[in-house]
Amino acid sequence: MGFYVLLYWHFLVMVMVMMIFAGMITFICPRFPSIVVLLICGLIGFVYSICIDFKEASLFFIGINLVASSIPILLIRYLLFLKRKAEEMEEQGF
């Protein structure tokens, strides 16, 4: 696995870009459905497996992209939830 990471460094770049993409879309457009962002990230993982001509591992790439993209989505959704709760508590006078 270590040799794979050294040989295909662009895999790590793709995962980082997907995390940034998912986080930015979720933060800028909070009403945008998260499932659509996850589908786009999964599709990019599939396209990546075709580009490097390693179609046997497409489920692995899709899964890694989905997990890596769901982390910033969940963190930003939680941040927005906490912000909304803080505003509600401020209105109530706590």
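- Under the 4.5 Å side-chain heavy-atom criterion for grouping Ile, Leu, Val, Met, Phe, Trp and Tyr, Phe60 is connected to Met14 within one hydrophobic cluster.
- Once rounded to the nearest 0.5 Å, the distance linking CD1 of Ile73 with CZ of Phe32 reads 10.0 Å.
- Here the side chain of Asn65 pairs a donor or acceptor atom with the backbone of Cys41 at under 3.5 angstrom.
- Distance alone, capped at 3.5 Å, places no donor-acceptor pair between the Thr26 side chain and the Gly23 backbone.
- Linking Ile, Leu, Val, Met, Phe, Trp and Tyr whenever their side-chain heavy atoms come within less than 4.5 Å puts Leu12 and Tyr48 in one cluster.
- Under the 4.5 Å side-chain heavy-atom criterion for ILVMFWY residues, a single connected hydrophobic cluster contains both Ile35 and Phe46.
- As a member of the Ile/Leu/Val/Met/Phe/Trp/Tyr network built from side-chain separations under 4.5 Å, Leu74 groups with nothing else and remains a singleton.
- Linking Ile, Leu, Val, Met, Phe, Trp and Tyr whenever their side-chain heavy atoms come within less than 4.5 Å leaves Leu59 and Val15 in two separate clusters.
- Comment: Glu88 engages Lys85 in a salt bridge, judged by a side-chain N to carboxylate O separation of less than 4.0 angstrom.
- Closest approach of Val37 to Phe21, counting heavy atoms only: CG1-CE2, 4.3 Å.
- Residue Ser69 comes nearest to Ala22 through the heavy atom pair O-CB, 3.7 Å, listed as atom of the first residue, atom of the second, then distance.
- Ring centroids of Phe61 and Phe11 are separated by less than 6.0 Å, placing the two rings close together.
- Closest heavy-atom contact between Ile62 and Gly45: CG1-C, 4.2 Å.
- When every heavy atom of Ile44 is checked against every heavy atom of Met18, the shortest pair comes out as CD1-CE, 3.5 Å.
- In the hydrophobic cluster analysis, where Ile, Leu, Val, Met, Phe, Trp and Tyr join through side-chain heavy atoms closer than 4.5 angstrom, Leu66 is grouped together with Val36.
- Side chains of Ser34 and Arg77: a donor on one and an acceptor on the other come within 3.5 Å.
- Note that CD1 of Ile25 and CD1 of Ile76 are 10.0 Å apart. Values are rounded to the nearest 0.5 Å.
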